[in-house]
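Remarks on the structure that follows.
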There are 2 protein chains.
Amino acid sequence: MNTVFDALSHPIRREVLEHLKRGGMTAGELADHFPVSKPTMSGHFAKLKAAGLILGENRGGTIVYTLNLSVLEEAVMGFMNRVRVGRDAADPGNVHRGEAR
Amino acid sequence: MNTVFDALSHPIRREVLEHLKRGGMTAGELADHFPVSKPTMSGHFAKLKAAGLILGENRGGTIVYTLNLSVLEEAVMGFMNRVRVGRDAADPGNVHRGEAR
DNA sequence: TCGTTATTTAGCTAATACGCTAAATAGCTA
DNA sequence: TAGCTATTTAGCGTATTAGCTAAATAACGA
């Protein structure tokens, strides 16, 4: 929980997650979308990974990062349910079904 | 957006929002639930307020803070929709309706 | 093996965040 | 006015964060 919200506190890291929504990307591909150095991006990846928000698969030389959406859902939606009045908090599943329409 | 996620990055501030879910509380009442000094809590309130997540109403001497749920919803659910694949992003209203079942 | 590419680690600086105590402010009541 | 309560502001120390460049590591192709 804590590590997830810490990770989400930086705009670059939130944007990285958005870039990954349609599938995996390499560290280099991701880094090219941001105006900071690659070592800096590497640090951002490390934080996202520590929070469990992304997974890194090493494919000889390059590393492919993928989004771990379930961790994000659980932390964020869990918190949102805790902040809203009781009515919904009892059924953890309905949020996701609800969004999917 | 940025200020909202910054505000959410500290566990005390998230918990303050939870405390306010059923109605307003004074700064002092809120502070009593946390193991840090009142000036420190005052700083947390200031950050939540700057992000628009709480509103402070001055009632002669004491200040009553209330949750501004719509700001939280807009920032957090907006982000969640951006991170999930396209299908849902088009209809901003359905998230809230979906949760309420 | 050598060079090239991809990524991370090390080491640094500057800025921000968080906690504290002491003091200031504002309103209330005697 | 004086004193009391509630809250914030000021000022300080320390820890963390975010950026950088330079160097290390790892895998690949010639």
Side-chain angles (χ1 to χ4, degrees), chain A residues 1-20 23-68 72 75-76 79, chain B residues 1-20 23-68 72 75-76 79:
Chain A
M1 252 284 275
N2 248 308
T3 53
V4 170
F5 278 95
D6 272 350
L8 293 180
S9 74
H10 196 292
I12 286 186
R13 291 193 290 264
R14 290 197 301 275
E15 218 174 309
V16 165
L17 299 183
E18 293 181 42
H19 276 295
L20 293 177
M25 292 177 70
T26 68
E29 284 169 351
L30 283 168
D32 287 343
H33 289 87
F34 299 91
V36 299
S37 71
K38 294 193 177 196
T40 293
M41 287 305 294
S42 181
H44 286 309
F45 299 145
K47 235 168 225 187
L48 288 167
K49 205 171 157 186
L53 291 171
I54 63 175
L55 303 169
E57 192 186 349
N58 199 324
R59 302 223 177 170
T62 75
I63 293 182
V64 175
Y65 284 115
T66 55
L67 180 60
N68 196 350
L72 181 66
V76 173
F79 167 68
Chain B
M1 251 285 276
N2 248 308
T3 52
V4 169
F5 278 96
D6 272 349
L8 294 179
S9 72
H10 196 291
I12 285 186
R13 291 192 291 263
R14 290 196 301 274
E15 218 174 309
V16 165
L17 298 183
E18 294 181 41
H19 276 295
L20 293 177
M25 293 176 69
T26 69
E29 282 168 353
L30 281 167
D32 286 342
H33 289 88
F34 299 92
V36 299
S37 71
K38 293 191 178 199
T40 295
M41 287 305 295
S42 180
H44 286 308
F45 299 147
K47 237 170 226 186
L48 289 167
K49 205 171 156 187
L53 291 170
I54 63 175
L55 303 169
E57 192 185 351
N58 200 323
R59 302 226 178 168
T62 75
I63 293 181
V64 175
Y65 284 115
T66 54
L67 180 59
N68 196 347
L72 181 66
V76 173
F79 168 68

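Per chain, numbering begins at 1; letters A, B, ... match sequence-line order. Predicted model only: the values in this text are computed from it and were never measured.
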(request) Please state how far atom CD in A:Glu29 lies from atom P in C:dT5, giving the value in whole angstrom units. (result) 17 Å
(request) Taking A:Arg13 for its side chain and A:Leu8 for its backbone only, find out whether a donor-acceptor pair lies under 3.5 Å. (result) no
(message) Between P on C:dA17 and CG on B:Asp6, what's the gap in Å once rounded to a whole number?
(response) 7 Å
(message) Looking at A:Leu55, is its backbone amide N or carbonyl O close enough to the side chain of A:Asn68 to form a donor-acceptor pair, meaning the two atoms are under 3.5 Å apart?
(response) no
(request) Please figure out whether A:Ile12 or B:Tyr65 has its closest DNA chain D nucleotide nearer the 5' end. (result) B:Tyr65
(message) Considering every strand and a 4.0 Å limit on heavy-atom distances, what is the contact class for A:Thr40: base, sugar-phosphate, or nothing?
(response) base
(request) May I have the distance from B:Glu15 (atom CD) to C:dC18 (atom P), rounded to whole angstrom? (result) 15 Å
(request) Would you classify A:Arg13 as touching base, sugar-phosphate or nothing, given that sugar-phosphate means primed atoms plus P, OP1 and OP2, and contacts are heavy atoms under 4.0 Å? (result) sugar-phosphate
(request) For the side chain of A:Ala27, starting at C-beta, report the closest nucleotide among C:dG19, D:dG19, C:dT8. (result) C:dT8
(request) Could you state the atom-to-atom distance from CG of A:Asn58 to C1' of C:dT8 in whole Å? (result) 11 Å
(message) For B:Lys38 and A:Lys47, find the nucleotide of DNA chain D closest to each by heavy atoms; which residue's nucleotide sits nearer the 5' end?
(response) B:Lys38
(message) If I take atom CE in residue B:Met41 and atom P in nucleotide C:dC18, what distance separates them, rounded to the nearest angstrom?
(response) 12 Å
(message) Using only atom types and a distance under 3.5 Å, with no angle test, would you say the side chain of B:Arg59 pairs donor to acceptor with the backbone of B:Thr26?
(response) no
(request) Side chain of B:Ile63 only, please: which of C:dC18, C:dA6, D:dT7 is the nearest? (result) D:dT7
(request) Taking only the side-chain nitrogens and oxygens of B:His44, find out if one of them lies under 4.0 Å from OP1 or OP2 of C:dA17. (result) no
(message) Taking the minimum atom-to-atom distance to the side chain of B:His10, which one of C:dG19, D:dA6, D:dG19 wins?
(response) C:dG19
(request) Could you check which of C:dT9, D:dC20, D:dT8 has an atom nearest any side-chain atom of B:Ser42? (result) D:dT8
(message) Output the rounded distance in Å from NZ (B:Lys49) to P (D:dT9).
(response) 9 Å
(message) Side chains of B:Glu18 and B:His33, heavy atoms from C-beta outward: is any pair under 4.5 Å?
(response) no
(message) Tell me the interatomic distance from B:Asn2, atom CG, to C:dT16, atom P, rounded to whole angstroms.
(response) 13 Å
(message) Without decimals, in angstroms, what is the distance between A:Phe5 CZ and D:dT17 P?
(response) 17 Å
(request) Please report the closest heavy-atom contact between A:Ile54 and A:Phe45, naming both atoms and the distance. (result) CD1-O, 3.7 Å
(request) When you get a sec, tell me which of D:dA6, D:dA18, C:dA22 is the closest nucleotide to the side chain of B:Pro39? (result) C:dA22
(request) For A:Ser37, report the nucleic acid contact type (base, sugar-phosphate, nothing); a contact means any heavy atom under 4.0 Å. (result) base
